[in-house]
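See structure below.
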Amino acid sequence: MTAGRRRRLAGLALAAAVIALPAASPACAQPAPEAASGWTARPAVHARRGIVATANAHASDAAHAVLARGGSAVDAAIAAQLVLGLVEPQSSGIGGGAFLLVHDARSRRLRAYDGRETAPASARPDRFLDAEGRPLAFRDAVAGGRSVGVPGLLRMLELAHRAHGRRPWAELFEPAITLAEAGFAVSPRLATLVASDPLIAASPAARAYFHDGDGRPIEAGARLRNPAYAATLRAIAAGGADAFHRGPIARGIVATVRSAPRAPGDLTEEDLAGYRAIVREPVCGSYRGLRVCGMPAPSSGGTTVLAILGLVEPYDLASMGPASFWSVHFLAEAGRLAYADRDAYVGDPAFVDVPAGLTDPAYLRERGGAIRATASIGRAAPGTPPGFDARRVAALDDALELPSTSHLSIVDAAGNAVAMTTTIEDAFGSRLMTPGGFLLNNQLTDFSFRPVVDGRPVANRVEPGKRPRSSMAPTIVYDASGRVRYVAGSPGGAAIIHYVAKTLVAMIDWKLDPQAAVALPNFGSRNGPTELERDTPVAELAPKLAAIGHPTSVVPLTSGLTVLARTSSGWSGGTDPRREGSVRGD
C-alpha cells in the first residue's frame, strides 16, 4: 500500500470517528439568493460555439460582437479589456498590466504572455521604507506617483494580436470608443466603491471624474462619459502601442506621476519607451488525469495552484464533499504548505532563481505528508524543492496584494481559448488619472516593502526594471486527448490562488457545473489563518476547525471568477455572483 493511500484511508477513518459531519450540506453547494453578500442565483449559460465570460455586461457584449464577426478569442479579449477599462476602472485598464494564456487550436500550443508592470530604472530596494528604515503603512504607499509601475497591458495585447488576431487592431477599439463618447450607466458596484474611497477625493483629476458637479460621489445609474479616454483609444487604434509608450500620451503619464500631490514618482519617458512584453512557457502539471496549465513567474499563480492540487491529490476529496469540514481542512492545509514555498521562492525570474521543482510530483507527495487529519499544521515553513540552492535562499515575503483585479475567459468558434487576468492592483490603482482619461496602477506595492529580513534578501524586493510578484492565476485545463476542458481565473489579490484551486476541485472532484463551482463559498489559508467567507455556510465551520488547531478568520472573500467548461454539446459558462459579470455565447 502506498504512503498516499495510507494517508487517504487514515484521514477518512478519522473523519468518521472524530467529528460526525455529513460530507456536505446542500446549502454549501449553492449560496442562498438572499445571502447578506448580495449574491443572486444565476444559471449556467450554454453555448455551442463561441462563449465569453467577463466581469461586466458591456465588456461581454463587445467581445461577443467581435466573435460574431469572425474574430479570434484574442480579438475578443482586446475589445473586452478596453471596455473594462472604462466601465470597471477600479479593477483594470490600459494604465496597468496583465497575464494572458492563449491556446492556439491549430497548433494545439499554449502560450503565456507577460504584460506585468516593471519598476522604473531609478527604483531602489528602500522605496517603501520611511526615514527610520521602517516599512510604510500600505495606505501611505499606495496613493501617489511612487507606487506606479511602467504599464505593460497594451504591449502585451499588441504582441498577442500579431500572433493570434484575425480582425484589424483598430476595429477592436470601436466598442470602447463608442461607449466612452456616449456614456454608460454607472453600476452599483462602481458607485459603492467610489463612495467608500477617501483617496479619490484627495486626487484632483480622479475627483473631478468620479464626483459630480456638486462634489458628491457619482451614484448608480448616473451616465458617465469619458471623451479623453475615447481620444486616447483613437490614438492607440491608429498608432498601436507605440502611441501609448511614446509621444503625448507617454508625456502625460510621466507628468501625472512626477507631479502627484502626494508621493511624486520617478517614472520617465525612457522607462515607458523601453518596456517589453514577454512570451513565456506556461507551467503545467497533472491532476486527476487532466493537464492543468497556468502562468509562470513572476506570477506565483500557476505554480501555487499546481502545488495545492498536487498536495491534495492523494486524498479522496470527492467523498469529502463540496465545502465540507474535511475538504476545507485539507485544502487549507495544502494552502499553508504551498504559500510558504511561494513566499520564499517566487519572484521575477530575471532577478530570482525560482526553483524548478516547486511543482515536482514527488516533492509534493513528500511535502503533503505533513497534512494530518487530526490537527492543523499552523504555520508552515518553506520546503526544499528540487532546484533549491541554499546559497541563494531568500527571506519570507510580506508583500500585500489587494483584491481589485478582473478576469475574462473566452473560447471562439475555432476552439482557440483565452484566460486573461488583468489589474491596476488596488481599487482605482494609484488614484492618479492622466489627461488621457485613464487611471494609473499602484503595482509597485506588490513588491515586498522589506528588502532584507534577518540579513537575507527578499526574492520579491524592489529593484530597477523588475516585475513584482503576482498571484494572478489564469488557468487552462486539458483533457487526456489534449482538448481544452476548462478556462478559469479570478481577481482577488493573494487569495486568487485559492479561488481558482477551489473552483477546479469543485468541477473536477465534485462535478459541479461552472456556475455552481464559482458560487461555492470561498475558503483557504495563505499560511496564516484559515479564512472562511462571511455570510456563507463555511463560516459556521470555524468552531470545529478551531478545535483541531486552525486559527480561523471569517471575512469577506470577494472573488470574481469567470469559468468556462466543455460539455457534450459545446460549452458552459459561469460568472461570480459576488460581482457584476456576464456570459454571452452562441
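Values below: all heavy atoms of this structure, side chains included; hydrogens, waters and symmetry mates excluded.
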Q. Ring centres of H164 and Y113 under 6.0 Å apart?
A. yes
(Q) If you take the centroid of each ring, where Trp contributes its six-membered ring, are Y229 and Y209 closer together than 6.0 Å? (A) no
Residues which pass ring pair (Phe, Tyr, Trp, His ring centres under 6.0 Å) with [X], listed by chain and number, not counting sequence neighbours:
X	result
F428	F210
F128	F449
Y486	none

(Q) Give me each pair satisfying salt bridge (charged side-chain N to carboxylate O under 4.0 Å, His left out) with a member in residues 195-210, each pair once, sequence neighbours excluded. (A) D197-R431
Q.
Checking R146 now: which residues fulfil side chain to side chain donor-acceptor pair (under 3.5 Å) with it, not counting sequence neighbours?
A. none
Q: Only counting residues at least two apart or in another chain, list the ones meeting side chain to side chain donor-acceptor pair (under 3.5 Å) with T422.
A: Q81
Q: Using a strict 4.0 Å threshold on nitrogen-to-oxygen distance, state whether R216 and D214 make a salt bridge.
A: yes
Q: Scan R234, R223, R225 and name whichever one has a salt bridge (charged side-chain N to carboxylate O under 4.0 Å, His left out) with E181.
A: R234
Q.
Checking the side chain of D576 only, and the main-chain atoms of L561 only, is there a donor and an acceptor separated by less than 3.5 Å?
A. yes
Q.
Tell me if a side-chain donor or acceptor on R579 pairs with a main-chain N or O of S559 at a distance below 3.5 Å.
A. yes
Q | Member of I236, T232, V83, T178 meeting the side-chain contact (heavy atoms from CB on, under 4.5 Å) criterion with F173 | A | I236
Q | side-chain contact (heavy atoms from CB on, under 4.5 Å), paired with V500, selected from T304, V563, T475 | A | T475
Do [X] and [Y] get their side chains close enough for a donor-acceptor pair, meaning under 3.5 Å?
X	Y	answer
T54	S60	yes
H407	S409	yes
D412	S72	no

